[in-house]
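Note that the structure is a prediction, hence the values are computed from the model and not measured. Here is the naming used below: chain letters follow the sequence lines, and residue numbers restart at 1 for every chain.
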There are 2 protein chains.
Amino acid sequence: MTNPLIQKLERRDVLSDEERKVLDQSIAQVKELGADEDIVADGQRITFSTLVLSGWTVRYKIMGDGRRQITAFHIAGDFVDLHSFTLKRMDHGVAALTPCKIAIVPHENLRQITERFPHLTRLLWLSTVIDAAVHREWIIGMGQRSAHGRVGHLFCELYLRLQAVGLAADHRFTFPITQEELADALGFSTVHTNRALRKLRQLDLATVKGQQVTIDNWEGLVREAEFDPAYLHLEYEPR
Amino acid sequence: MTNPLIQKLERRDVLSDEERKVLDQSIAQVKELGADEDIVADGQRITFSTLVLSGWTVRYKIMGDGRRQITAFHIAGDFVDLHSFTLKRMDHGVAALTPCKIAIVPHENLRQITERFPHLTRLLWLSTVIDAAVHREWIIGMGQRSAHGRVGHLFCELYLRLQAVGLAADHRFTFPITQEELADALGFSTVHTNRALRKLRQLDLATVKGQQVTIDNWEGLVREAEFDPAYLHLEYEPR
DNA sequence: CGAGGTCTTGAAGACGATCAACAAACGTGG
DNA sequence: CCACGTTTGTTGATCGTCTTCAAGACCTCG
């Protein structure tokens, strides 16, 4: 199996053989996790970062009253907490949503990449910067988009991200997320989330059936959700 | 005047004389801007980044119907669009809210820093990663906090950020933002924003008078807004 | 001093939360 | 393979939050 991070980076720039090798060698350990297992705890001081090889994970924060806000979904190729390399301490938790395979990359190995491989460093930096761009898009959605627009926007985003690592095609993808988890990401109640999904169905834009999302009308959904893929920065560029 | 970026970075790690010098020399030009002037346009291909030396700026996105979502406020020492160094293309606009003094840092100079100064590179990377942490906290607020909690949280954040560059003390700071702009950042109507401010006043937590914010009860506001400064990563650490 | 921008308040209506009940799907043990 | 319990999804009803529209007060700066 090819390292999905390499696949993701090569979508945006050329990697040399040496860079690919360094990335692969930076992995100290591969682990398997069960669904709902914690990967990193909020507030934890940390000396390694975690790369998702397969499965879905989330970043989240628990509020005083027990409510949860999910701030990001992560899939194969995503470095869930690469930011902890410079931050040193987590400001949120990370958990597996589904059974996952993850790679542990010690911060020391990342530090050596920054010392010796400037171009690769810029690409890793790019990954965290794209994460931030996705965060901004979520802020925009939460501030300005309708409920069903928010769900639709997320579906568009996930479809393109999954497609970039070969996990989606034909406007369909596996979505192993309960409505409760989706609600925690959108900042809605589960009831309202359910109604937003119903609205997307009624508008013939997207359908969720089991763990399968089908985008029935991509153009229409893009229009309704005001989705502009620019923020995912999927273009090939020298960085 | 000392470069406020250096002040901000030195709050988090040691800079060598050489690193300070390199940062100062990376500035190609200093410009003065009037209030409401655009700094960078959404979608623009860009070859330099902008550092705020004084004044307030915002990142924002305009929706199809003309509504605006502000995704970040920036003050002295903030690199408004350092992320464009790796992204190459803007996915939002940046504008001056007040008259500003800004420094232009060509991407070529940043590239050379990544080639020759790994530690300084990590600190610049850190800046973008803290931006992302702030974005996440905004997502959490928009998803879970009450209206006045959201405003209060923003006040706590801005107070600490301003304090870190010597622009606030005694739980007061200058806040040159209209309620309309504040509303665009919170994702509220101006009317509701006004009522959230009134509630903070009624709870004796914070008061806005003219362009001055006074936090009347820091402990109380921190509790009410569930503010935990950890996400600002203001600690001193070797990075 | 007057005019435009900003702030404040009231009232009506839309949107989203909560509570409650039931249906459907899933998984586990018999 | 079926039965049963548990989790997840769906819908209705009621209530609170936030938006919109509208009007008046307060600045501030030419």
*side-chain N/O Arg145(B) vs dT17(D) OP1/OP2, d < 4.0 Å*: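 Arg145(B) to dT17(D) OP1/OP2: no side-chain N or O under 4.0 Å.
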*Measuring from Glu37(A):CD to Leu97(A):CG, what's the distance to the nearest 0.5 Å?*
12.5 Å
_Smallest separation among heavy atoms of Leu221(A) and Leu200(A), with atom names_ = CD1-CD2, 3.9 Å
*Sequence neighbours excluded, which residues qualify as salt bridge (charged side-chain N to carboxylate O under 4.0 Å, His left out) partners of Arg223(B)?*
none
*May I ask you to decide if the ring planes of His171(A) and Tyr159(A) are parallel, tilted or perpendicular, using 30° and 60° as cut-offs?*
tilted
*Tyr231(A) vs His153(A) aromatic rings, parallel, tilted or perpendicular, using cut-offs 30° and 60°?*
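Rings of Tyr231(A) and His153(A): parallel, under 30°.
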_Helical bend (five base pairs per end, nearest 10°) for the helix from dC1(C)-dG30(D) to dG30(C)-dC1(D)_ =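 For the helix from dC1(C)-dG30(D) to dG30(C)-dC1(D), the axes at opposite ends meet at about 50°.
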*Glu137(A) bridged to Arg145(A) by N-O distance under 4.0 Å*: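 So Glu137(A) pairs with Arg145(A) through a salt bridge.
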*Identify whether the distance between the nearest side-chain nitrogen and carboxylate oxygen of Arg161(B) and Asp78(B) falls below 4.0 Å.*
yes
_Please report the distance, rounded to the nearest Å, between CD in Gln144(A) and P in dC18(D)._
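Atom-to-atom, Gln144(A) to dC18(D), this comes out as 15 Å.
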*Figure out the NE2/C1' separation between His192(A) and dT11(D), and round it to whole Å.*
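Rounded to the whole Å, the gap is 14 Å.
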*Just wondering, are more than 12 heavy atoms of other shown residues or ligands nearer than 6.0 Å to CD in Gln212(A)?*
yes
*asked:* Going 5' to 3' along DNA chain C, between which two nucleotides do contacts with chain B fall, using a heavy-atom cut-off of 4.0 Å?
replied: dT6(C) to dA11(C)
*Sorted by first residue and then second, give each ring-ring contact (aromatic ring centres under 6.0 Å, His included) pair with at least one member in residues 32-58 of chain A; sequence neighbours left out.*
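The answer is Trp56(A)-Phe175(A).
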Output a table of nitrogen or oxygen pairs between the protein and nucleotides 6-10 of chain D separated by less than 3.5 Å.
{"from": "dG9(D)", "atom 1": "OP2", "to": "Gln179(A)", "atom 2": "N", "distance (Å)": "2.7"}
{"from": "dT10(D)", "atom 1": "OP2", "to": "Gln179(A)", "atom 2": "NE2", "distance (Å)": "2.6"}
{"from": "dT10(D)", "atom 1": "OP2", "to": "Asn194(A)", "atom 2": "ND2", "distance (Å)": "2.8"}
{"from": "dT10(D)", "atom 1": "O5'", "to": "Asn194(A)", "atom 2": "ND2", "distance (Å)": "3.3"}

Run the side-chain donor-acceptor check on residues 126-133 of chain A: report pairs under 3.5 Å with partners two or more places apart or on a different chain.
{"from": "Ser127(A)", "atom 1": "OG", "to": "Leu123(A)", "atom 2": "O", "distance (Å)": "3.2"}
{"from": "Thr128(A)", "atom 1": "OG1", "to": "Trp125(A)", "atom 2": "O", "distance (Å)": "2.7"}
{"from": "Thr128(A)", "atom 1": "OG1", "to": "Trp125(B)", "atom 2": "NE1", "distance (Å)": "3.0"}
{"from": "Asp131(A)", "atom 1": "OD2", "to": "Arg59(A)", "atom 2": "NH2", "distance (Å)": "2.6"}

